[in-house]
Amino acid sequence: MFSYSPASQCLLSLALIGLVLINYQLLVAADDSTRTVVQDAAKPHIILILADDMGFDDVSFRGSNEFLTPNIDALAYHGRILERLYAPAICTPSRGALMTGRFPIHTGTQHFVISNEEPWGLHTNYTILPEIFQKAGYSTNLVGKWHLGFAKREFTPTYRGFDYHYGYWGGFIDYYHRRSQMPVPHYSMGYDFYRNMEVECGDYGTYMTDLLTREAERIIHANNNTKPLLLLLSHLAVHTGNANAPLEAPAEEIAKFHYIKDPNRRKYAAMVSRLDQSVGQVIRALEKTNMLRNSIVIFQSDNGGPSVGQFANTASNWPLRGQKSTPWEGGVRVAGAIWSPSIRELGSVFHPTMYIGDWLPTLAAAANIPLNSTELRLDGINLWPALTNHSATNQSARTVNREIVHYLDDIWHVAALQKGDWKYVNGTTAAGRFDNLLTYRELYDTDPRGSDYFAAVGNSTVSAVLRKYTEVEVTRDQVMSLRAEAAIKCGNGVQHGCNPLVEECLYNVATDPCERNNLASQPEYNSILRGMRKRVRKHRSTALPVANRRGHYENSPARHRCLWAPFLEEAPSEEFFICGLYGMPCETSS
Ligand SMILES: *[C@@H]1O[C@H](CO)[C@@H](O)[C@H](O)[C@H]1NC(C)=O
Ligand SMILES: *[C@@H]1O[C@H](CO)[C@@H](O)[C@H](O)[C@H]1NC(C)=O
Ligand SMILES: *[C@@H]1O[C@H](CO)[C@@H](O)[C@H](O)[C@H]1NC(C)=O
Ligand SMILES: *[C@@H]1O[C@H](CO)[C@@H](O)[C@H](O)[C@H]1NC(C)=O
Ligand SMILES: *[C@@H]1O[C@H](CO)[C@@H](O)[C@H](O)[C@H]1NC(C)=O
Ligand SMILES: *[C@@H]1O[C@H](CO)[C@@H](O)[C@H](O)[C@H]1NC(C)=O
Ligand SMILES: *[C@@H]1O[C@H](CO)[C@@H](O)[C@H](O)[C@H]1NC(C)=O
């Protein structure tokens with residue numbers, strides 16, 4: 001196994017600080033304590049770990065001690081906390097923005113999600129992220145969830161630039177049986193787990209978070225630093241499974257959180273904990289294969305957590321308002337962190353506003369891949385210079401005063417636009433039932449490890465590994481001050497309510513991240529309000545029609561061998577399969 005001598009570590013650090021990546025390659029190659037030459041330092045390995053439906057406050061680096069996430073926190077403290085990271089409020093639009101670098105209105109995915117029975121997908125005319133990296137010589141891998149359509153084969157990951165996919169095509173599966181029933185009447189349960197285009201039954205019954213992690217480790221070990229790697233580890237965690245058992249985790253994991261009184265929250269904590277361990281295992285695999293020192297590792301959630309209502313998993317977005325699928329900060333502002341040795345300001349909070357659609361141009365820049373922005377018509381912007389170089393953070397006015405179309409759905413009549421620090425909200429989802437602060441931060445049922453938080457983080461796998469890549473030890477004071485800096489300060493200004501169903505709302509989310517003080521009715525903000533309204537209209541004029549299509553009962557797994565399959569390309573069977581507990585593809589074959 002490769003290990004660093006202090007001398008090589010120091011040299012490496014100097015190289016990282018002083019030289020551009022090409023020189024770094026030469027230096028590493030010249031260092032005789034190095035056993036392997038970095039294969040192509042200009043093309044870093046990129047590992048994006050995506051959580052599904054994780055609450056904003058369900059990582060512990062913002063101050064929660066209810067249950068700790070020591071690996072994710074260690075990634076954040078050794079790397080950079082993405083303080084103002086935004087994403088669309090719900091799965092399909094969020095993943096569409098990640099893949100295309102565009103707002104959902106510019107891909108027709110702005111309304112709700114692709115429910116499994118629906119015959120549509122992300123339009124194939126977009127050049128998407130894995131295609132760009134595949135063309136540039138990357139090995140491109142998706143492990144886990146896709147959720148951008150599978151009704152036709154051409155919608156699925158291996159037709160869209162992924163060399164390899166291991167996981168599921170639809171919105172969710174359960175944690176042990178890999179099947180899902182849509183919350184729509186008259187559709188049966190269906191199995192949804194594939195290796196590329198083949199139904200995958202291996203390791204049936206293994207807990208999904210562990211299974212996906214193991215596959216990610218396998219891919220990393222198989223790569224062994226021979227080819228630039230793009231790995232999107234798109235977890236099921238911490239989305240709910242099926243309605244009969246929405247929250248699932250191994251019993252021994254749940255037992256660790258016995259001090260949490262609410263049994264659902266206890267299970268959720270266990271699900272988060274397994275996800276946290278996954279981050280440690282991935283980092284460990286990257287180190288063992290000597291890939292870590294040329295890697296960019298990102299962790300983030302796809303959208304805010306659903307605390308209540310459909311798919312509720314007990315997530316907490318405290319102290320932000322709202323939740324998944326709402327236009328409020330609790331829907332669109334997500335937990336995230338990045339680590340890479342090419343970042344010069346490691347161990348700091350990254351303050352600029354960031355969007356999930358920024359990863360495409362940002363990571364392309366990191367990998368030195370030229371993009372034709374006319375052709376791609378990106379809404380995302382390249383933040384690589386800002387992420388890696390502190391003095392470049394303020395350089396672009398576009399970065400400072402940037403716009404994000406959080407919501408523009410003319411079926412549900414919701415618009416939410418951010419421009420600089422201003423946020424405009426008009427209309428809301430679920431008739432406003434999820435518009436308020438929906439959770440609180442637990443102060444009593446807390447993680448025993450929280451009594452020495454610094455030791456807990458220090459004892460994580462991620463700390464043990466990243467410590468070797470850090471010039472200066474991350475101290476207790478640094479951890480505590482980063483944790484304090486990442487805490488959300490709601491401010492205690494005057495509260496002015498707003499009912500977005502009958503009026504427009506305007507907030508300054510820099511000073512009022514909890515969206516308590518509606519400025520829309522105050523005359524001095526009139527011109528800002530008018531400006532925001534105008535921008536919404538302008539964006540609306542550029543929106544594509546929604547691509548959503550209704551499902552048909554013939555698409556039910558009951559007519560397709562109990563599978564969620566590319567149903568538009570195969571005739572439905574005459575026979576109706578009984579797709580309950582028995583009769584699922586893997587159960588009959590075993
Ligand atoms: C992709 O196809 C859709 C639907 O036909 C169309 O509206 C959109 O403009 C196309 N986009 C591009 C980039 O060609
Ligand atoms: C991985 O690469 C290293 C260095 O090139 C080599 O020593 C090792 O045998 C490789 N491992 C595998 C499993 O191929
Ligand atoms: C970018 O794409 C446009 C439209 O396809 C094309 O006209 C232009 O030549 C391309 N630019 C470069 C630099 O390749
Ligand atoms: C960037 O701008 C912010 C606010 O405009 C300022 O507080 C900060 O000091 C600036 N940072 C740098 C590195 O210039
Ligand atoms: C960092 O950004 C500053 C300001 O844009 C620039 O002058 C400098 O060259 C950058 N440094 C590196 C190493 O890219
Ligand atoms: C790990 O935890 C123990 C207490 O259980 C503590 O004494 C030790 O300092 C911790 N290690 C690190 C590296 O923080
Ligand atoms: C705000 O919502 C109302 C009601 O849906 C709508 O008539 C109006 O056009 C919206 N304004 C903007 C700028 O979207």
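In what follows, every heavy atom counts, from backbone to side chain, and hydrogens, waters and symmetry copies are set aside. Note that the structure is predicted; figures quoted are calculated from it, not measured. Ligands are counted one by one from 1 in listed order, and the atoms in each one are counted from 1 as well.
Counting heavy atoms closer than 4.0 Å to ligand 7, residue W412 contributes nothing at all. Residue contacts with ligand 7 for R540 involve side-chain atoms from C-beta outward but no N, CA, C or O (heavy atoms, distance under 4.0 Å).
Ring-centre distance between F193 and Y166: below the 6.0 Å cut-off. Checked against a 6.0 Å centroid threshold, the rings of W328 and F434 do not count as neighbours.
Using cut-offs of 30° and 60° for the angle between ring planes, the H106 and F103 rings count as tilted.
In this structure, atom 13 (C) of ligand 7 lies nearest to the protein heavy atom Y424 OH, 3.4 Å. Counting protein heavy atoms only, atom 10 (C) of ligand 7 is closest to N426 ND2, 2.4 Å. Protein heavy atom closest to atom 5 (O) of ligand 7, with residue, atom name and distance, is H413 CB, 4.1 Å.
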* Evaluate the salt bridge (charged side-chain N to carboxylate O under 4.0 Å, His left out) criterion for residues K419 and E403: first the C-alpha distance (whole Å), next the side-chain angles of each, then the deciding distance (0.1 Å), finally the verdict. => CA-CA 4 Å; K419 185 171 166 58; E403 286 188 351; 3.6 Å; yes
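Close approach to R533 involves these atoms of ligand 7, each under 4.0 Å from a residue heavy atom: 13 (C). Taking every non-hydrogen atom of N372 and a distance limit under 4.0 Å, the qualifying atoms of ligand 3 come out as 1 (C), 2 (O), 3 (C), 8 (C), 10 (C), 11 (N), 12 (C), 14 (O).
Between the side chains of D163 and Q134, a donor-acceptor pair is found at a separation under 3.5 Å. In summary, the side chains of H235 and S278 do present a donor paired with an acceptor at a separation below 3.5 Å, with no hydrogens or angles considered.
Below 3.5 Å of separation, one finds an N or O of E375 facing an N or O of ligand 3.
Atom 7 (O) of ligand 7 is never approached by the protein to below 4.0 angstrom, counting heavy atoms only. Counting protein heavy atoms under 4.0 angstrom from atom 3 (C) of ligand 7 gives one or more.
Ion pairing of E217 with R214 is absent here, as no side-chain N (NZ or NE/NH1/NH2) approaches a carboxylate O to less than 4.0 Å.
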